[in-house]
Engineer: 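Encoded as structure tokens, here's the structure I'll be asking about.
In this chain, numbering begins with 1 at the start of the sequence shown.
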Amino acid sequence: MHVSENEGIEGKTFVVTGGLGYVGATLCLELVRRGAGRVRTLDLRASSPWSSQLSKAGVVFITGDITREKDVKKALRGADCVFHVASFGMSGKELLQVGRIDAINIDGTCLILDACLDFGIKRLVYVSTPNVVFGGKEIINGNESLPYLPLDDYTDPYSRSKSIAEQLVLKYNGRPFKEKNSGCLYTCAIRPAAIYGPGEDRHFPRIVNLAKLGMILFNIGDSTVKGEWVYLDNLVLSLLLASMGLLDDIPGREGRPIAAGQSYFISDGSPVNNFEFVRPFLRSLGYDLPKASLSLSSALKVGKMFWVLYSILYPWLNKTWLPEPLLLPAEVYKVGVTHYFSLLKAKQELGYVPMVSPQEGMAATISSWQDRKTKILDGPAIYTWFFVILGMFSVFAVGFLPDFGFLSPVKALALFLCRSVLGVQILFVMSVLAHALEGVYAWHLAKKVDPANATAWFWQTFALGFFSLRFLLKRART
């Protein structure tokens, strides 16, 4: 496809659903940079970490729900092109919320499509997923001719919903607008690999949190398993190229948009083992991955256990106090089964070539996270929390509670070491005082090196003592 860099962008009005998210916000800013006349976001959130940048760039915020027809029509009226980025249920606790997944990914997409026909919007670029053709079986250098899976063969409700939505989007291609003789809607779908880059807010924060707590216990599968990633800037480039591929007024190809009704796999073009891909990233932050591996079948059993547990906890899935599950079956398949795809169609028809290499992308990601780590609370693994809290409680119980159950052998050991109950009581009081003094010291030190988290450093150090303080001292030395 041979068009100018800003073909179909300059002076046009764009709507980006999910425009306050990581991909959506970057896409909005790039549209503005390339001369778009007006850019609007449709997002359920009123603000996000990217709101300030978007506001300064002149992006118009429309707070609304894509499952409400009124909100969708308000956002899309007068648009020339729509990028449908918004979705729900990709990973973690969201994966279990089937009703909301279908409402946003399927019903919301239907409302977007109908609004495009109502308002005579010619171009719709849909952000899909490779999972529409992946059901847990190996795919090596697959292409867009792969068929959709039977609905019962998908490994999770998110992939199933995205398959239904993508098929709807592509079937709407070529449909005439509701006003007769005024043209038709052109649609296409982009299927990006796992997304990474500075500021990415889904995959890498979860990986870092698990690594910090010492909860990454094993790799899944062997080192020959490969998957794909796509750097944010590469994905945004592909979306812009797709929008140009839907233009029907290109000289010499009038009325025949090359991307109309098509789907495209998008990645960095470098299949890699997922664990090896994130290993240098974690090492740069002072963490590492274990050498032990778990077979696919064993990992699936663990994933199913978490699926059952979190299904029981369904009423509380939206609560912040409930942590993300360690892993779920769909996530096991993503990292434990080889699946990657050819970029040939995207290169030939859209002119897509990754402009940022995986090495450059990972270097930028590492740099941003090293800066970010200096601004967030650090601390020991969850095992340290367990043993310190259990130890303090045991000393308190021996010194101040009556003898009961499991306490008898603990009390016998404590009396052997401290000679008397009074000695145990003194030990507990002295330990609490020591933790309190360490906590106060941590608070004063954090005021100098990490003022935003000073209070958090106090409470963590009060609970864990030197096991927490050593992390702050290390930060003070760097």
Engineer: Before we go on, tell me: are the rings of W369 and F204 under 6.0 Å apart, centre to centre?
Structural biologist: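 Ring-ring flag for W369/F204: false, centres at least 6.0 Å apart.
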
Engineer: Can you list the steps and then say if K162 with Y126 is a side-chain hydrogen bond (donor to acceptor under 3.5 Å, both in side chains)?
Structural biologist: CA-CA 10 Å; K162 294 293 281 187; Y126 177 64; 3.1 Å; yes

Engineer: Once rounded to the nearest 0.5 Å, what's the spacing between atom CG of L464 and atom CE of M392?
Structural biologist: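 Taking CG in L464 and CE in M392, the distance rounds to 10.5 Å.
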
Engineer: Which of parallel (below 30°), tilted (30 to 60°) and perpendicular (above 60°) describes F393 and F396?
Structural biologist: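 Correct class here is tilted.
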
Engineer: Kindly assign one of parallel, tilted or perpendicular to the pair W459 and F462, based on the angle between their ring planes and the thresholds 30° and 60°.
Structural biologist: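 Ring orientation of W459 relative to F462: perpendicular.
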
Engineer: At what distance, to the nearest 0.5 angstrom, does CG of N274 lie from NZ of K334?
Structural biologist: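 NZ of K334 is found 11.0 Å from CG of N274.
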
Engineer: What heavy-atom pair brings A86 and T17 nearest, and what distance separates the two atoms?
Structural biologist: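 Smallest heavy-atom distance, with atoms named: N-OG1, 3.1 Å.
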
Engineer: Just how far is it from atom CH2 of W307 to atom CD of E331, taken to the nearest 0.5 Å?
Structural biologist: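 Spacing of CH2 (W307) from CD (E331) equals 9.5 Å.
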
Engineer: Is the shortest heavy-atom distance from the side chain of L237 to the side chain of D233 under 4.5 Å?
Structural biologist: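 Answer no - side chains too far apart.
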
Engineer: On a heavy-atom basis, which atom in P325 and which in R206 lie closest, and how many Å separate them?
Structural biologist: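 Smallest interatomic distance, heavy atoms only, reads O-NH2, 2.7 Å.
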
Engineer: Run the ring-ring contact (aromatic ring centres under 6.0 Å, His included) test on Y158 and F88 for me, step by step, so that the C-alpha distance in whole Å, both residues' side-chain angles and the decisive distance to 0.1 Å come before the verdict.
Structural biologist: CA-CA 8 Å; Y158 172 79; F88 182 83; 8.9 Å; no

Engineer: The test is side chain to side chain contact (heavy atoms under 4.5 Å, CB included); show your working for L232 and Y22 and say whether it passes.
Structural biologist: CA-CA 9 Å; L232 175 65; Y22 180 57; 3.4 Å; yes

Engineer: Is the shortest side-chain heavy-atom distance between F61 and S51 below 4.5 Å?
Structural biologist: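 Yes, at least one pair of side-chain atoms sits under 4.5 Å.
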
Engineer: Distance-only, no hydrogens or angles: does the R372 side chain make a donor-acceptor pair with backbone N or O of S367 under 3.5 Å?
Structural biologist: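 No: the side chain of R372 does not pair with the backbone of S367.
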
Engineer: Assess K291 against F275: is NZ or CZ under 6.0 Å from the centre of the six-membered ring, and within 45 degrees of the ring's axis?
Structural biologist: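 Judged by the rule, K291 and F275 form no cation-pi pair.
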
Engineer: For Y231 and Y196: C-alpha separation, side-chain torsions, deciding distance, then whether ring-ring contact (aromatic ring centres under 6.0 Å, His included) applies.
Structural biologist: CA-CA 5 Å; Y231 187 68; Y196 72 105; 5.4 Å; yes

Engineer: For K212, is the NZ atom crowded, meaning more than 12 foreign heavy atoms sit under 6.0 Å from it?
Structural biologist: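 For K212, atom NZ is crowded (more than 12 foreign heavy atoms under 6.0 Å).
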
Engineer: Does a donor on one side chain and an acceptor on the other come within less than 3.5 Å for S270 and D268?
Structural biologist: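 S270 vs D268: no donor-acceptor pair found between side chains.
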
Engineer: Side chains of T41 and D43: do they bring a donor and an acceptor to under 3.5 Å?
Structural biologist: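 Side-chain D/A pair, T41 to D43: absent.
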
Engineer: Can you confirm whether L149 sits close enough to V133 that some side-chain heavy atom of one is under 4.5 Å from a side-chain heavy atom of the other?
Structural biologist: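 No, too far: nothing below the 4.5 Å cut-off.
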
Engineer: With distance as the sole criterion, is a donor-acceptor pair present between the side chains of D156 and S159 under 3.5 Å?
Structural biologist: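 Distance-only check passes for D156 and S159.
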
Engineer: Can you give me the closest heavy-atom contact between S161 and I101, atom names plus distance?
Structural biologist: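 For S161 and I101, the tightest heavy-atom pair comes out as OG-CG2, 3.3 Å.
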
Engineer: Is the side chain of T461 donor-acceptor paired with the backbone N or O of F458 at a distance under 3.5 Å, no angle test?
Structural biologist: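 Judged by distance alone, no pair lies under 3.5 Å.
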
Engineer: If you count every heavy atom of other residues, nucleotides or ligands that lies below 6.0 Å from F467 atom CZ, does the total exceed 12?
Structural biologist: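 Result for CZ/F467: open.
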
Engineer: Do S468 and Q460 meet the criterion of a side-chain donor-acceptor pair at a distance under 3.5 Å?
Structural biologist: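 Yes - a donor-acceptor pair under 3.5 Å links their side chains.
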
Engineer: Can you tell me if CZ on R38 sees more than 12 non-hydrogen neighbours from other groups inside 6.0 Å?
Structural biologist: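 Open.
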
Engineer: If you look at every heavy atom in I66 and V72, which pair is closest and at what distance?
Structural biologist: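 Shortest heavy-atom contact: O-CG2, 3.5 Å.
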
Engineer: Considering non-hydrogen atoms only, spot the tightest contact between F134 and Y333 and give its length.
Structural biologist: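 Closest approach of F134 to Y333, heavy atoms only: CZ-O, 3.7 Å.
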
Engineer: Measure from NZ or CZ of R160 to the centre of the six-membered ring of Y154, then state whether that distance is under 6.0 Å and the direction lies within 45° of the axis.
Structural biologist: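 No; the conditions do not both hold, so R160 does not lie above the ring face of Y154.
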
Engineer: Where do R40 and I62 come nearest, in terms of heavy atoms and distance?
Structural biologist: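 Scanning both residues, the minimum pair turns out to be CD-CD1, 3.7 Å.
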
Engineer: Within the structure provided, determine whether L326 and M215 are in side-chain contact (heavy-atom separation under 4.5 Å).
Structural biologist: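 The answer is yes; the side chains approach within 4.5 Å.
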
Engineer: Go through the steps to decide whether H84 and T109 satisfy the test side-chain hydrogen bond (donor to acceptor under 3.5 Å, both in side chains), and finish with yes or no.
Structural biologist: CA-CA 8 Å; H84 185 17; T109 299; 3.1 Å; yes

Engineer: Would you say V236 and E30 make side-chain contact, with heavy atoms under 4.5 Å?
Structural biologist: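 They are in contact (side-chain heavy atoms under 4.5 Å apart), so the answer is yes.
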
Engineer: Just checking, is any N or O donor in the side chain of S52 or S55 under 3.5 Å from an acceptor N or O on the other one?
Structural biologist: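 S55 and S52 do not have a side-chain donor-acceptor pair below 3.5 Å.
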
Engineer: Cut-off 3.5 Å, side chains only: do S91 and R202 have a donor facing an acceptor?
Structural biologist: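 There is such a pair between these side chains.
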
Engineer: Mind checking whether W316 and W321 have parallel, tilted or perpendicular rings, split at 30° and 60°?
Structural biologist: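 The arrangement is tilted - the two ring planes meet at 30° to 60°.
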
